Amino acid sequence: MFNDQQTHTLPVNTKKRGAIAALTGAPSLHDFDQEMQQVFRQVHTTYSALFPQSAPLSTQGGSLVFTGVDDDPATLETLRKAGFENSSLFLKRMREWHGGRIRATQSARARALLTRLGPDLVAALAETQSPDHAFAAFTQFFESLNAGVQPLSLLCNRSKLLSLLVNLLNTAPKMAKAFSNRVSILDAMLDPGFSTPLAHDINAGAMRLEQCALENPDFETLLNETRRTALEERLRINVQVLTDKASSADAAQSYSALAEAAVCTLAQACQRQVEHRFGPPPGEWAILGMGSLGAKEMHDSSDIDLFTLYEASTSVTSKLEPAAYFSRFTQRLISALSAQTQEGSLYAIDMKLRPSGQAGPVAVSWPAFIAYYAEKAWTWEVLALGRARVVAASSDGFQQKITAHIAQILAAPRDPEKLKADITDMRQRIDAQFSNTSPWDLKHAPGGLLEIELMQQFLRLSKGVMANEKSATETLRFLQSAHTLQFTLLQILGLCLGPEKNGTAFPTSLQDLLARRAKMQSFSELEHALITAQNGVRALSEQILT
């Protein structure tokens with residue numbers, strides 16, 4: 001402080017600097033100056049090691065100039081040699097970014113970092129098969145950032161991370177939004193635990209979610225922390241799938257364990273909320289997971305199929321009747337899982353597989369559940385029950401009771417001919433609704449995943465329909481093989497493009513990824529194998545059902 005004014009500059013005047021030296025206890029001004037010079041050198045050395053000087057604006061392929069009004073001819077030639085087909089568009093974007101026209105480069109520090117990143121970005125894009133396509137994906141990510149200094153600093157000092165990010169965005173443009181919304185995940189990707197194969201600990205993400213419940217007793221805080229943790233864990237699974245560190249089966253198990261943990265932790269939190277307002281629950285409750293959650297076959301784009309089962313108790317009283325109480329509980333759980341918060345949403349919820357479908361109550365009483373499947377359930381509902389399991393419950397006893405009863409329903413004797421007629425009708429309805437689908441609509445195509453699931457459940461319910469045990473084993477093995485192939489492809493497509501993009505022309509990078517994950521030599525070989533598998537499933541179902 002000089003004259004009650006703060007400054008970060010040592011005075012040049014020796015008298016004033018000598019006063020500061022005396023305040024620090026230095027023997028003399030000369031000793032003080034020498035000590036300060038040593039401190040400056042140490043700070044400079046440490047800073048330089050953390051942030052090395054900017055790389056020259058050139059690559060091994062030639063010079064790079066990203067500023068100016070017109071395109072630099074030498075830079076255009078460098079980009080052409082790197083594989084860019086539209087070099088002018090690349091330079092136009094870079095000039096806009098250097099001009100601070102997007103949020104990420106509005107600060108001088110961010111623009112300086114972008115200049116430094118330029119050559120490494122060109123090199124990373126050139127490593128892909130289509131630099132222009134990869135740059136378009138990177139643009140979507142970069143222009144969505146709220147600020148650029150943190151990610152640019154990280155990418156400037158971690159060239160391997162930059163290459164990984166470019167490859168991920170190029171293969172899975174759907175991930176651009178997730179990365180831009182969660183920049184911290186880029187730093188987390190450098191942690192060894194991020195790339196530890198899922199097979200080493202399928203439940204790692206689920207355990208993190210469970211820990212959230214212990215650390216965040218406040219309901220609103222728990223909603224946000226659950227979403228943040230789940231997003232980071234899903235990104236970890238996604239990256240491992242895209243970089244071949246996790247099999248499709250391990251990924252499905254991890255996605256499912258994560259969703260189950262989300263349902264369990266939020267169901268318990270919702271029970272506390274409802275109990276605080278209406279008193280203790282008037283009976284037992286359980287959440288029945290259906291569809292891909294029940295079968296542990298979730299992928300990044302999966303929604304959650306569930307409904308609540310409850311058994312009323314006469315020994316517990318609350319402010320609401322059991323039906324109303326557990327309906328409030330279920331509605332709160334649905335909101336907790338699906339509502340948008342500042343951290344986004346967790347899962348889309350689908351309850352159409354509950355008894356009586358959309359017309360039925362969201363919370364089903366135990367006697368009504370028993371009666372429905374004994375007297376009213378359609379064949380497709382019984383088939384769907386074959387993929388059901390309890391994912392959360394108020395007690396182990398009630399969970400075991402439900403599990404045992406479902407097994408009893410599925411083991412009951414049935415008329416194979418009626419099953420055949422009902423499944424044939426279901427298959428015809430699917431064919432009519434999706435008559436123009438391509439083989440890449442992996443769920444609905446003839447011989448696709450829905451038809452495989454129908455046949456698997458049919459064989460499970462109709463004991464003895466096959467000629468002998470060997471024939472049944474071979475049939476199930478073939479169906480499982482066709483299912484594995486198509487589920488692997490569905491998982492990749494859902495991760496990279498989203499469910500609505502099935503049947504579109506895939507970029508080369510995605511074609512290569514699909515072929516590699518299916519253990520095929522080329523995409524054309526994969527397409528042939530896919531069509532062969534689907535035709536085989538359809539021929540098999542025709543043979544069995546007629």
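For clarity, every value in this text was computed on a predicted model and none was experimentally measured.
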Practice problem: Evaluate side chain to side chain contact (heavy atoms under 4.5 Å, CB included) for Thr488 paired with Gln491, printing each intermediate quantity in order. | Solution: CA-CA 5 Å; Thr488 298; Gln491 190 180 78; 5.8 Å; no
Exercise. Assess whether side chain to side chain contact (heavy atoms under 4.5 Å, CB included) is satisfied between Asp201 and Thr196, documenting all intermediate values.
Key: CA-CA 9 Å; Asp201 190 354; Thr196 300; over 6 Å; no
Practice problem: Take Leu223 and Leu266 through the side chain to side chain contact (heavy atoms under 4.5 Å, CB included) test and state the conclusion after the steps. | Solution: CA-CA 8 Å; Leu223 293 185; Leu266 292 178; 3.9 Å; yes
Practice problem: Evaluate side chain to side chain contact (heavy atoms under 4.5 Å, CB included) for Leu454 paired with Met426, printing each intermediate quantity in order. | Solution: CA-CA 9 Å; Leu454 286 175; Met426 283 184 267; 4.1 Å; yes
Practice problem: Verify side chain to side chain donor-acceptor pair (under 3.5 Å) between Thr508 and Gln129, making sure each step is shown before the conclusion. | Solution: CA-CA 7 Å; Thr508 304; Gln129 293 183 327; 4.7 Å; no
Exercise. Quick one: do Lys296 and Glu260 satisfy salt bridge (charged side-chain N to carboxylate O under 4.0 Å, His left out)? Show the steps, please.
Key: CA-CA 9 Å; Lys296 297 185 179 181; Glu260 183 174 346; 5.4 Å; no
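In this structure, the side chain of Arg354 does not engage the main chain of Asp305 through any donor-acceptor pair within 3.5 Å. A donor-acceptor pair is defined here as one N or O able to donate and one able to accept, closer than 3.5 Å; no such pair exists between the side chain of Lys245 and the backbone of Val239. Using modelled atom types, one side-chain atom of Gln534 and one backbone atom of Pro439 make a donor-acceptor pair closer than 3.5 Å. Between the side chain of Arg517 and the backbone N or O of Val241 there is at least one donor-acceptor pair closer than 3.5 Å. At least one donor-acceptor pair closer than 3.5 Å links the side chain of Thr115 to the backbone N or O of Arg111. Looking at Thr265, its side chain does come within 3.5 Å of a backbone N or O of Ala262 through a donor-acceptor pair. A donor-acceptor distance shorter than 3.5 angstrom exists from the side chain of Arg227 to the backbone of Gly344, with no hydrogens or angles considered. At least one donor-acceptor pair under 3.5 Å links the side chain of Thr105 to the backbone N or O of Trp97. Although no hydrogens or angles enter the test, the distance criterion places a donor-acceptor pair under 3.5 Å between the side chain of Asn216 and the main chain of Cys212. Without hydrogens or angle criteria, Gln106 side chain to Ala147 main chain gives no donor-acceptor distance under 3.5 Å.
Side-chain contact between Gln240 and Asp250 is absent, with no heavy atoms from C-beta onward closer than 4.5 Å. Using a 4.5 Å cut-off on side-chain heavy atoms (C-beta onward), Leu497 and Phe506 make contact. Inter-residue side-chain proximity for Leu346 and Arg234 is flagged as unmet; no heavy-atom pair is nearer than 4.5 Å. Contact of the Thr128 side chain with the His133 side chain is not registered, since no non-hydrogen atoms from C-beta on lie closer than 4.5 Å. Residues Tyr255 and Asp300 are in side-chain contact: their nearest non-hydrogen atoms beyond the backbone lie under 4.5 Å apart. Phe478 places a side-chain heavy atom less than 4.5 Å from the side chain of Val537. Residues Leu145 and Ile102 form no side-chain contact, since every pair of their non-hydrogen atoms from C-beta on lies 4.5 Å or further apart. With contacts defined as side-chain heavy-atom distances shorter than 4.5 Å, the pair Glu225/Glu343 does not qualify.
Listed by chain and residue number, nothing satisfies the side chain to side chain donor-acceptor pair (under 3.5 Å) test with Ser335 (two or more places apart in sequence, or in another chain). Among residues two or more places apart in sequence or in another chain, the side chain to side chain donor-acceptor pair (under 3.5 Å) test is passed with Asp218 by Thr221. Listed by chain and number, the residues in a ring-ring contact (aromatic ring centres under 6.0 Å, His included) with Phe138 are Phe141, Phe142 (sequence neighbours excluded). Remark: Gln211 pairs with Glu215 by the side chain to side chain donor-acceptor pair (under 3.5 Å) rule, at least two apart or across chains.
Ser541 and Arg427 share a side-chain donor-acceptor pair at under 3.5 Å. With no hydrogens or angles considered, no side-chain donor-acceptor pair links Asp120 and Ser159 at under 3.5 Å.
For the atom pair CG (Leu306) and OG1 (Thr330), the distance works out to 8.5 Å, reported to the nearest 0.5 Å. Rounded to the nearest 0.5 angstrom, Leu442 CG and Ile492 CD1 are separated by 11.5 Å. A distance of 11.5 Å separates NE2 in His299 from CG in Asn238, rounded to the nearest 0.5 Å. One finds the CD atom of Glu527 at 9.5 Å from the OG atom of Ser522 (value rounded to the nearest 0.5 Å). Note: Leu293 CG to Ile349 CD1 = 9.0 Å, rounded to the nearest 0.5 Å. Between the CG atom in Leu235 and the CG atom in Leu186 there is a gap of 9.5 Å [rounded to 0.5 Å].
Here the closest heavy-atom approach between residue Ala230 and residue Leu209 is recorded as N-CD2, 4.2 Å. The two residues Leu121 and Leu162 come nearest to each other via the heavy atoms N-CD2, 3.8 Å. Annotation for Ala259 and Ile304: closest pair CB-CD1, 4.0 Å, computed over non-hydrogen atoms. The two residues Val362 and Met351 have their closest heavy-atom pair at O-CE, 3.7 Å. Minimum heavy-atom separation, Ala110 to Gly148: CB-C, 4.5 Å. Taking all atoms of both residues into account, the shortest heavy-atom contact from Leu152 to Leu114 is CD1-N, 4.3 Å.
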Would you list the atom pairs, donor with acceptor, under 3.5 Å between side chains in residues 84-92 and any protein atom, with sequence neighbours excluded?
residue: Asn86; atom: OD1; partner: Leu89; partner atom: N; Å: 3.2
residue: Ser88; atom: OG; partner: Asp71; partner atom: OD2; Å: 3.0
residue: Lys92; atom: NZ; partner: Glu96; partner atom: OE2; Å: 2.8

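Residue pairs meeting the ring-ring contact (aromatic ring centres under 6.0 Å, His included) criterion with at least one member in residues 509-534, sequence neighbours excluded, are Trp440-Phe523.
Applying the 6.0 Å contact sphere to CZ of Arg429 captures no more than 12 heavy atoms from other residues, nucleotides or ligands.
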